[in-house]
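FYI, the numbering just counts along the sequence from 1. All heavy atoms count here, side chains included; hydrogens, waters and symmetry mates do not.
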Amino acid sequence: MVANQPADQSLQDRENQMIAAHAPIEAEVQRAQTPLVRIVFLAIICLVASIAAGNRWLGWGKDYEHYIVAYNIISPTFLFGNTRFEIGYELTAWFFAVPLGLSFATFYTFLSFVALSVKFYLFERYLENPPLAAVAYLLLFYSIHEYTQIRAAVAISFGFLALHLLMERKWVYAALLALLSVSFHSSAIALISLGAAVVLMPRKITLAAVPASALILIVLSTAAGSWISSTFSEINPLIYNYIDNIAASEALNIFSVANILFAFSLIAMMLFNFQNRDEYTFPFMLLTLFGFAFLIAFRESPVVALRTSEIMMLSVVFAGFRLPVDTQVLVVRGVLLLNGAWITYRAVSEGTLG
């Protein structure tokens with residue numbers, strides 16, 4: 001009987017790991033009551049920011065012209081593939097342009113409102129300080145997402161909503177939201193696949209697999225970048241246009257001020273043991289790490305590097321604004337807000353805003 005105890009214990013450990021892998025993560029923040037003033041604040045800034053994006057209150061921006069031209073030539077009969085955009089965006093644009101007969105500004109405002117509403121809903125439900133998280137988001141990502149890359153903004157919102165539903169093991173809803181996310185921007189595939197992996201895999205495996213996968217990604221992109229690009233281009237010809245764009249893009253600066261501050265905030269979270277203080281923060285810290293890995297791996301193709309990295313980096317807000325306030329949490333949030341102020345300043349100086 002004594003000899004069988006180690007084997008029995010090993011079997012029990014494996015069973016416990018399987019149960020833990022399928023158990024929902026305690027994600028939702030428990031509050032006695034949500035103050036009405038906070039809901040009103042989030043609703044107001046969501047509405048104002050959406051109208052500002054749709055009506056170009058903060059300047060014309062970089063991608064708006066391409067979107068409005070495509071919108072104005074939409075055919076009365078829906079024809080998928082008439083533009084380079086994904087099916088979800090094309091179908092929504094056609095519905096607003098043809099059956100509803102609404103202006104592009106109205107359509108863009110609607111998409112911005114949807115994207116921001118979903119994000120702010122997630123902040124309210126899962127983070128310790130939703131208003132501050134919303135302000136940090138606007139400073140860090142609004143200029144590049146809702147104000148510029150509206151398809152990516154919507155895809156990111158639905159993608160992160162899908163991951164939160166996956167945390168709660170709501171499989172069907174998570175799958176539907178994941179498909180909706182990818183239907184607005186194909187790069188959401190990276191977010192969904194990696195997000196599902198870090199949410200569902202047992203923690204011990206994830207701790208080894210994620211850093212190893214990030215390293216392999218960097219090594220493969222360096223050693224076999226041309227083969228990878230040609231292979232994926234056969235699957236989706238648009239990928240080659242993204243990869244073969246070095247001459248048309250600004251040089252990618254991995255060591256920019258914004259990237260350094262993002263890296264500093266992630267390192268601070270690790271040093272302050274955020275990953276063990278709340279199981280919710282762990283997947284989002286890993287996704288932030290993957291954001292840096294994509295940035296490095298595809299550094300020779302700036303658009304690919306930026307798109308895949310940007311779609312992951314919202315994770316830093318979920319990791320940084322989850323825990324109750326203490327000195328260490330304040331340091332991380334202070335760095336993120338400082339970075340947001342810098343990114344917004346750069347957006348204004350470079351013409352993305354203003």
Examine [X] and [Y] and state if one hydrophobic cluster contains both, with Ile, Leu, Val, Met, Phe, Trp and Tyr joined whenever side-chain heavy atoms are less than 4.5 Å apart.
X    : Y    : result
L179 : L161 : no
I189 : I156 : no
Y89  : F78  : yes
V182 : L165 : no
Y126 : Y173 : yes

Side chains of S256 and R346 in contact at under 4.5 Å (non-hydrogen atoms):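 Side-chain contact under 4.5 Å: no.
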Does M313 reach the side chain of L140, with side-chain heavy atoms less than 4.5 Å apart? no
Test of understanding: with salt bridge (charged side-chain N to carboxylate O under 4.0 Å, His left out), list the residues that count as partners of E90, not counting sequence neighbours.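 Once residues adjacent in sequence are excluded, E90 has no partner under the salt bridge (charged side-chain N to carboxylate O under 4.0 Å, His left out) criterion.
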So, the side chain of [X] versus the backbone of [Y]: is there a donor-acceptor pair under 3.5 Å, distance only?
X    : Y    : answer
T148 : H145 : no
S265 : V332 : no
N259 : N253 : yes
Y64  : Y147 : no
S181 : L177 : no

Tell me the closest heavy-atom pair linking [X] and [Y], and the distance in Å.
X    : Y    : answer
T281 : A319 : CG2-O, 3.9 Å
L42  : P131 : CD2-CA, 4.1 Å
F284 : Y280 : CD1-O, 3.2 Å
K62  : T352 : CE-OG1, 3.5 Å
S157 : L122 : O-CD1, 4.5 Å
T344 : L138 : OG1-O, 4.4 Å

Could you grab the distance from atom [atom1] of [X] to atom [atom2] of [Y], nearest 0.5 Å is fine?
X    : Y    : atom1 : atom2 : value
L47  : S112 : CG    : OG    : 11.0 Å
M269 : R322 : CE    : CZ    : 13.5 Å
F264 : L271 : CZ    : CG    : 8.5 Å
L323 : N129 : CG    : CG    : 12.5 Å
S117 : F110 : OG    : CZ    : 9.5 Å
N72  : Y67  : CG    : OH    : 15.0 Å

Give the table of side-chain donor-acceptor pairs shorter than 3.5 Å for residues 91-98, with sequence neighbours excluded, one pair per line with atom names and distance.
{"from": "T92", "atom 1": "OG1", "to": "G88", "atom 2": "O", "distance (Å)": "2.7"}
{"from": "W94", "atom 1": "NE1", "to": "S75", "atom 2": "O", "distance (Å)": "3.3"}
{"from": "W94", "atom 1": "NE1", "to": "P76", "atom 2": "O", "distance (Å)": "3.1"}

With under 30° as parallel and over 60° as perpendicular, where do the rings of F104 and F107 fit, or are they tilted in between? tilted
Specify whether Y137 and F141 have parallel, tilted or perpendicular ring planes, treating 30° as the upper limit for parallel and 60° as the lower limit for perpendicular. tilted
Whether D326 and R277 form a salt bridge (side-chain N of Lys/Arg under 4.0 Å from carboxylate O of Asp/Glu) is what I want to check.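 Yes, charged N to carboxylate O under 4.0 Å.
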Is the CZ atom of F272 crowded by more than 12 outside heavy atoms at less than 6.0 Å? yes
Heavy atoms from other residues, nucleotides or ligands near OH of Y345 exceed 12 (cutoff 6.0 Å): no
Verdict with reasoning, Q275 to L286, per side-chain contact (heavy atoms from CB on, under 4.5 Å): CA-CA 9 Å; Q275 64 272 17; L286 293 180; over 6 Å; no
Pick out which of I311, T308, L306 makes a side-chain contact (heavy atoms from CB on, under 4.5 Å) with F294.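 Only one of I311, T308, L306 forms a side-chain contact (heavy atoms from CB on, under 4.5 Å) with F294, namely T308.
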Among F160, F321, F318, F41, find the residue that satisfies the ring pair (Phe, Tyr, Trp, His ring centres under 6.0 Å) test when tested with F123.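 Among the candidates, only F318 passes.
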